[in-house]
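I have placed the structure first, in the form of structure tokens, so that the comments after it can refer back to it.
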Protein chains: 4
Amino acid sequence: MSGSVNKVILVGNLGADPEVRSLPSGGMVANLRIATSERWRDRNTGEQRERTEWHRVVIFSEGLAKVAQNYLKKGSKVYIEGQLQTRKWEKDGQDQYTTEIVLQGFNSNLTMLDARGEGGGDSMGGGYGGQRQTENRRPSSAPAFEPGGMDDDIPF
Amino acid sequence: MSGSVNKVILVGNLGADPEVRSLPSGGMVANLRIATSERWRDRNTGEQRERTEWHRVVIFSEGLAKVAQNYLKKGSKVYIEGQLQTRKWEKDGQDQYTTEIVLQGFNSNLTMLDARGEGGGDSMGGGYGGQRQTENRRPSSAPAFEPGGMDDDIPF
Amino acid sequence: MSGSVNKVILVGNLGADPEVRSLPSGGMVANLRIATSERWRDRNTGEQRERTEWHRVVIFSEGLAKVAQNYLKKGSKVYIEGQLQTRKWEKDGQDQYTTEIVLQGFNSNLTMLDARGEGGGDSMGGGYGGQRQTENRRPSSAPAFEPGGMDDDIPF
Amino acid sequence: MSGSVNKVILVGNLGADPEVRSLPSGGMVANLRIATSERWRDRNTGEQRERTEWHRVVIFSEGLAKVAQNYLKKGSKVYIEGQLQTRKWEKDGQDQYTTEIVLQGFNSNLTMLDARGEGGGDSMGGGYGGQRQTENRRPSSAPAFEPGGMDDDIPF
DNA sequence: TTTT
DNA sequence: TTTT
């Protein structure tokens with residue numbers, strides 16, 4: 001197939017502490033339960049309504065699994081970027097399917113959104129096992145960044 | 001909870017023609033099966049490997065459902081933006097859960113990526129029932145857009 | 001062209017209070033300055049480095065502009081979804097280009113990420129002028145949502 | 001600051017062949033010009049309108065730069081994921097700012113969307129220098145994937 | 001069941 | 001300067 005994309009972006013809160021397990025192979029896996037909510041006003045009744053969705057997040061990246069283990073807990077707010085994967089398993093001889101958001105490899109992200117002191121403020125990508133970026137590869141000939149304040153005289 | 005985000009972005013191909021149904025309420029629903037694939041080379045064996053993921057997409061937006069009905073078919077490539085939703089149902093008295101990507105309301109998108117002649121090339125947002133944007137609300141005082149060519153003398 | 005997509009997703013903090021203006025046409029515009037930062041360890045020197053990027057966000061959606069006016073202030077953390085637009089203007093007879101993230105129409109989002117009490121926790125889409133969703137259009141035949149707790153007997 | 005996110009997602013077409021340069025340091029950089037378009041019907045006049053936005057994309061990832069060099073050309077359709085960066089430079093003694101979408105490091109992506117025969121169909125992440133994923137790290141205890149067909153008896 |  |  002010409003290229004495809006499979007991406008999930010969540011901002012939500014952990015419904016429980018992370019469950020972290022070591023694997024026989026030496027790796028680590030962390031499982032998170034994340035809630036996202038939406039609120040809206042019902043057009044007919046005019047009453048406030050809310051709906052919460054629960055997501056299963058599985059972190060196979062060792063660096064990110066450690067971040068989860070060390071910094072996340074029930075209630076933590078996180079930004080998550082991963083892929084959808086559905087796996088099959090059996091229960092009482094019946095096929096069951098579970099869909100998860102998998103963080104594994106280069107196109108994953110886990111960023112803590114709580115204020116410092118409430119559990120963190122770091123962000124990490126999945127491809128580097130705990131080290132975000134090993135070098136700024138921007139060529140030295142490139143002009144340095146400079147923000148430009150709100151008061152630059154650019155006409156809004 | 002302070003705000004949350006629940007977003008899925010897919011680029012993939014339809015595994016079958018869309019299934020479109022009319023609802024008693026007068027609305028429409030379209031169901032799509034979309035495949036995303038990834039290929040990689042196994043580190044140990046060196047052999048090429050591939051994995052395909054199948055996604056269930058449900059379109060509750062009438063405008064987008066009509067686009068699906070009129071322009072998409074088996075094999076069509078699409079860009080999809082929606083939300084994750086898991087619903088419960090029963091089978092032989094056992095609870096089953098199915099996770100779908102739902103396109104409904106303002107934060108959904110369906111864009112055809114095939115070249116014209118292969119099934120279309122329009123794009124539509126979910127919130128407008130077939131009409132993307134009714135007006136350019138950019139205030140008239142804002143300077144008009146002008147791209148700037150590749151050959152502008154901006155130092156790459 | 002067959003369909004295209006132009007999307008920016010930011011999570012960052014306001015560098016200043018929002019600037020909100022009323023337009024002659026009766027509409028509103030809000031301008032935000034948002035900072036995103038990344039930190040990494042330099043591969044060569046081993047020292048911690050940081051880089052901050054400043055973004056110009058322009059909100060043409062009246063509902064979202066009001067949210068910005070009423071709930072956001074310097075330091076607020078937000079999730080932003082919009083489009084890239086570059087506009088041209090003049091300064092001393094020279095062409096200048098400014099690139100902004102524009103929130104306008106159905107595919108925009110502004111979600112406050114601060115804890116309640118620090119400035120809010122609502123989320124709104126751009127297409128509805130202050131009302132997120134007017135109805136849950138999920139057909140009544142669809143099974144109701146039910147989360148399934150971390151302790152469901154699904155084998156992690 | 002607690003974590004932030006800076007992400008751009010584009011689907012569009014190249015306005016010109018990629019410009020690829022080698023760096024003194026031995027690296028490579030590719031520059032792309034990408035167009036995204038939107039069409040809508042004017043609410044007042046009823047006429048069809050179109051707007052094209054031009055984006056500057058800079059690829060510092062060597063693997064992705066080679067993909068650009070070898071497979072992309074004027075007209076190619078691509079999916080791009082990168083970060084916003086604004087850099088400053090001078091022209092006639094005046095400060096100029098240019099905003100680019102930078103692909104560098106683990107959270108970048110470049111996926112070709114043309115059908116094979118029109119220029120390719122591979123996809124690559126930025127963090128691996130040409131090799132997407134070296135191993136499927138899903139633990140062997142995890143049940144294998146199996147899609148579930150459209151005709152499974154799940155009630156749509 | 002798609003696609004390459 | 002792309003694409004439809």
Side-chain angles (χ1 to χ4, degrees), chain A residues 1-6 86, chain B residues 10-19 31-40 48-57 71-80 111-124 132 145-152, chain C residues 1-6 86, chain D residues 10-19 31-40 48-57 71-80 111-124 132 145-152:
Chain A
M1 180 191 321
S2 86
S4 57
V5 173
N6 173 358
T86 297
Chain B
L10 300 179
V11 174
N13 295 274
L14 274 69
D17 289 343
E19 293 187 359
N31 286 275
L32 311 179
R33 287 293 270 164
I34 294 185
T36 56
S37 304
E38 40 185 343
R39 249 145 296 134
W40 69 96
Q48 180 81 12
R49 298 192 51 189
E50 171 160 357
R51 192 186 133 85
T52 297
E53 190 72 31
W54 287 96
H55 309 273
R56 297 178 184 277
V57 173
Y71 297 107
L72 300 182
K73 57 177 193 296
K74 182 175 173 174
S76 296
K77 185 183 280 293
V78 290
Y79 171 93
I80 286 280
T111 296
M112 292 179 277
L113 298 178
D114 295 307
R116 274 284 188 200
E118 295 176 56
D122 256 329
S123 160
M124 298 184 43
R132 176 156 192 171
F145 158 81
E146 185 167 303
M150 176 88 94
D151 51 359
D152 286 357
Chain C
M1 179 192 320
S2 85
S4 58
V5 174
N6 172 359
T86 297
Chain D
L10 301 179
V11 174
N13 295 275
L14 273 70
D17 289 344
E19 293 187 359
N31 287 274
L32 312 179
R33 287 293 271 164
I34 294 186
T36 55
S37 303
E38 42 184 342
R39 248 145 295 135
W40 70 94
Q48 180 81 11
R49 298 190 52 187
E50 173 161 356
R51 193 185 133 85
T52 297
E53 191 71 33
W54 286 96
H55 309 271
R56 296 178 184 278
V57 174
Y71 297 107
L72 299 182
K73 58 178 194 294
K74 181 173 171 175
S76 296
K77 183 182 282 293
V78 291
Y79 171 94
I80 287 279
T111 297
M112 291 179 279
L113 298 178
D114 295 307
R116 275 281 188 202
E118 296 177 55
D122 257 329
S123 158
M124 297 183 45
R132 177 162 190 163
F145 158 80
E146 186 167 302
M150 176 88 94
D151 50 358
D152 288 355

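Numbers restart at 1 for each chain; the letters A, B, ... are given by sequence-line order, proteins then strands.
Atoms CD (B:E38) and P (E:dT2) sit 19 Å apart, rounded to a whole Å. As a whole-Å value, the separation of B:D114 CG from F:dT3 C1' is 14 Å. Distance B:D17 CG to E:dT1 P: 13 Å, rounded to the nearest Å. In this structure, the CG atom of B:L113 is 15 Å from the P atom of E:dT3, given to the nearest Å. The nearest whole Å value for the distance from the NZ atom in B:K77 to the C1' atom in E:dT2 is 9 Å. Here the P atom of nucleotide F:dT1 and the CH2 atom of D:W54 are 9 Å apart, to the nearest Å. Here F:dT2 presents its P atom at 18 Å from CZ of D:R51, a figure rounded to the nearest Å. Counting to the nearest Å, the P atom of E:dT1 and the CG atom of B:N13 are 16 Å from each other.
Between the side chain of D:T111 and the backbone N or O of A:G3, no donor-acceptor pair lies under 3.5 Å. In this structure a side-chain-to-backbone donor-acceptor pair under 3.5 Å is missing from B:D17 to B:K73.
Nearest nucleotide to the B:A16 side chain, out of E:dT3, E:dT1, F:dT3: E:dT1. Of all nucleotides listed (E:dT1, F:dT1, E:dT3), F:dT1 comes nearest to the side chain of D:K74. Counting only heavy atoms from C-beta on, B:R33 has its side chain closest to E:dT1 among E:dT3, F:dT1, E:dT1.
Contact record, D:L32 with D:P18: CD2-CB, 3.6 Å, taken as the closest heavy-atom pair.
Between the side chain of B:T52 and the base of E:dT2, a donor-acceptor pair under 3.5 Å is found.
Side-chain contact check for C:S4 and D:S37: no donor-acceptor pair (N or O, by modelled atom type) lies under 3.5 Å.
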